[in-house]
Amino acid sequence: MYILGIIGNPGSECHDSSAALIKDGLVVAAAEQERFSRRKHAPGEAPLDAIAYCLDKEGISVDDVDYVAVSWEPEGIHGEVKGKHKEELLEKILPTNIFKYNAERIRCGYVNHHITHITAAFYQSGFSDAACMVIDGQGENEAITLAKVSMGNLEVIKKFPIAYSLGALYDAAAGYVGLGFDVPGKFMGLASYGIPNQKMPISFDCDEGKFLIKSDYFNEKNNFYEARENYIKYFEKNNYPYRRASIGEIQASELMTYSNFAASVQNSLDEMFINMAKYLKSIVNTQNLILAGGVALNCTANGKLDRSKIFDNIFVYPASNDAGCSVGAALEIARERGIFDKNTPKRIQNVYLGKSYANDDVLVSIKNSRLKVKYMEDSLLTKTIAKDLNENKIIGWFQSGFEFGPRALGARSLLAGTVDRNITNRLNRVKGRELWRPLSPIILDRCYSDVFEDDTPQNMSSFMLKTCIVREEWRSKVPAIVHVDDSSRPQYLCQEDNELLYGLLQEYYDLTSIPMIVNTSFNTHGRPIVNSPREALIEFEKEKGIDILVIGNYYIER
């Protein structure tokens, strides 16, 4: 049974548009629309290119799809649709001027947004049961959902309306300090520079299982934008420096006056994560927890939650932003049809679900360039790149299918050594990022706990989803990946997950006795991560700070 999952409608406020295809309960393809349209987050786009890619990868047409599931229920419409509603939906997401198919045989419908977040995480976690926290900007009518899940069963415990949105809280805080909206990574990096000494308007009572609000501006009927503005009004009245900075115009010296505020917001979020987990643990008999929703990408909160040891095992779906909801919509339809009643899916090993390119495809892209190109077998390639990294060169790394989700995990990455502190500044300049923002490493699995104060790498570090403290004896050895608070966001890499990248790490370790390298996404400011060899070449030729480009087995110099 093929089920096509989708999120994204043309002309809507939807973001992170994507498509996913599952076959008999297994995800066989998934991709974000932004990688094809080259518009970051693909706002208001239907995932037409992503759908075409998924079908093409599996070698099928729309007529081979049994069900089309959309994450997001329009007001008053639930579940499967027929008649006029079906015609309207199919024309939006599968327009007949692009896709040819027999509409009569396809079933289609909508799935609740938070439910798709839950199923995406749970049925990729490998758990047989779990407590679940969905925390995002908003669903149809809620911002937070607490639930318990077992194989084939899903029970919602509590929902909280959009007015309580922690996504709105974080977005408001980033806008208040002048970083702009929808930039959580920037704000999280800033928080590490401050001391959490300011009061916040919202907290969670783990005994009563409810939020406590201390704000004159709160209204339980608020939508996302009203909630965000109400948080900003609270900050202006109660939080130093008592004024909203101009977005996009703030200087670094002025920005640091907001560092204590940022630390206070982050600390408040950390505490709410922990208290919600405590509440769930008191009523759900399991040692497993799954996190979902865009706010679940907050690595600092995830790291502190993991270190609290409330749950033994924690899983966050790597695409826990809205992009992952295409997977969740398809998996929820599979669940409803009993596919998982006797079949527990294994935990996912990687998210290299996007379009890949063979060496012959790469050769077509580079044959007319003026660049110096060499073909190298894997063993010579990894030895050569390890040497380049040791010489502080920055490498554009393009391999396999691109990652599904916002993290670059070694398929579309910029790589560098970790021993030169200046690498941080160089890479931030290449990417057009603020110089105070941190970078993250990929590390050999067997060396992970030697470097980081963490004995549970399986809890989120496989996908760079939590921060850890770098052990004191390592901080001066690898300064390029140590943030101001001695933290880092490592990717724990096993050989079976990415053999070529693992081989590169091993070569670098043999050469330097350092078991990690810097890994950040292969894109420049405001642009999605590269998809094709052509896009990688354009970025390489434009950005002179990238010293070497590797696409497949081709080693490319200027």
Side-chain angles (χ1 to χ4, degrees), residues 31 35-36 53 56-57 350-403 408-417 423 426-427 430-431 442 444 491 493-512 514 516-524 527-558:
R35 305 296 174 89
F36 301 96
Y53 157 71
D56 184 63
K57 184 181 179 186
N350 63 66
V351 286
Y352 306 132
L353 294 165
K355 188 173 179 61
S356 60
Y357 295 83
N359 281 323
D360 287 347
D361 298 323
V362 177
L363 192 58
V364 170
S365 297
I366 61 180
K367 66 179 181 179
N368 294 323
S369 75
R370 297 180 180 180
L371 300 169
K372 184 178 179 182
V373 179
K374 297 178 185 176
Y375 179 90
M376 296 183 181
E377 296 293 344
D378 288 356
S379 58
L380 177 59
L381 184 66
T382 55
K383 285 181 184 293
T384 304
I385 295 297
K387 182 174 177 291
D388 289 336
L389 293 170
N390 191 42
E391 294 173 357
N392 292 323
K393 293 180 180 179
I394 292 174
I395 313 298
W397 183 257
F398 184 109
Q399 302 290 339
S400 184
F402 60 73
E403 301 92 338
L409 298 166
R412 302 288 188 276
S413 293
L414 294 174
L415 308 178
I423 281 290
R426 289 174 58 200
L427 267 170
V430 165
K431 290 171 63 64
I442 311 174
L444 291 169
Q491 179 186 353
L493 187 67
C494 300
Q495 185 171 5
E496 59 268 27
D497 295 340
N498 189 324
E499 290 195 7
L500 184 65
L501 185 58
Y502 195 90
L504 172 56
L505 281 171
Q506 184 62 58
E507 292 286 355
Y508 186 71
Y509 185 35
D510 292 344
L511 185 64
T512 65
I514 303 293
M516 70 180 88
I517 58 177
V518 172
N519 169 36
T520 187
S521 56
F522 194 167
N523 65 314
T524 52
R527 300 284 292 163
I529 299 172
V530 297
N531 170 359
S532 68
R534 180 177 177 275
E535 289 156 13
L537 284 162
I538 289 171
E539 294 286 6
F540 180 58
E541 293 183 314
K542 179 180 69 175
E543 183 45 66
K544 306 305 181 185
I546 304 173
D547 299 296
I548 302 294
L549 176 62
V550 178
I551 307 180
N553 287 93
Y554 290 100
Y555 178 92
I556 304 168
E557 300 175 89
R558 299 187 191 286

Distance in Å, [X] [atom1] paired with [Y] [atom2], rounded so as to fall on 0.5 Å steps:
X	Y	atom1	atom2	value
N350	N498	CG	CG	7.5 Å
L504	I442	CG	CD1	8.0 Å
L414	I517	CG	CD1	11.0 Å
W397	I548	CH2	CD1	12.5 Å
I395	L415	CD1	CG	7.0 Å

Using modelled atom types only, decide if a donor and an acceptor are shared between the side chain of [X] and the backbone of [Y] within a distance under 3.5 Å.
X	Y	result
R558	L371	no
E403	A411	yes
R412	S400	yes
Y508	I514	no
E535	S532	yes
Q399	G552	yes
E377	S379	no

Angle class for the F402/F36 ring planes (parallel below 30°, perpendicular above 60°, tilted otherwise)? perpendicular
Closest non-hydrogen atom pair, [X] against [Y]:
X	Y	result
P533	I551	O-CD1, 4.0 Å
I423	N392	CD1-O, 4.0 Å
L444	L505	CD2-CB, 3.6 Å
Y352	D497	CE1-O, 3.4 Å
A386	L511	O-CD2, 3.7 Å

According to the salt bridge (charged side-chain N to carboxylate O under 4.0 Å, His left out) rule, which pairs have a member within residues 381-400, sequence neighbours left out? K383-E507, K387-E391, D388-K393, E391-K393
Residue pairs, two or more places apart or on separate chains, that pass salt bridge (charged side-chain N to carboxylate O under 4.0 Å, His left out) and touch residues 350-366: none
Test salt bridge (charged side-chain N to carboxylate O under 4.0 Å, His left out) applied to [X] - qualifying residues, sequence neighbours left out:
X	answer
R426	D547
K544	none
K57	none

How would you list, by chain and number, every residue that makes a side chain to side chain contact (heavy atoms under 4.5 Å, CB included) with [X], sequence neighbours excluded?
X	result
D56	none
D378	L500, N553
L380	M376, T384
N523	K40, K431, S521, I529

Give me each pair satisfying ring pair (Phe, Tyr, Trp, His ring centres under 6.0 Å) with a member in residues 532-554, each pair once, sequence neighbours excluded. Y375-Y554
Just so I know, are the side chains of [X] and [Y] near enough to count as touching, which here means a heavy-atom distance under 4.5 Å?
X	Y	value
E557	K374	yes
L353	Y53	no
V550	I556	no

What pairs with T520 under side-chain hydrogen bond (donor to acceptor under 3.5 Å, both in side chains), at least two apart in sequence or on another chain? none
Only counting residues at least two apart or in another chain, list the ones meeting side-chain hydrogen bond (donor to acceptor under 3.5 Å, both in side chains) with N519. S413, Q491
Checking side-chain contact (heavy atoms from CB on, under 4.5 Å) for the pair Y357/N531: CA distance, chi angles, key distance, verdict? CA-CA 10 Å; Y357 295 83; N531 170 359; 3.3 Å; yes
Is it true that the side chains of T524 and E543 contain a donor and an acceptor less than 3.5 Å apart? no
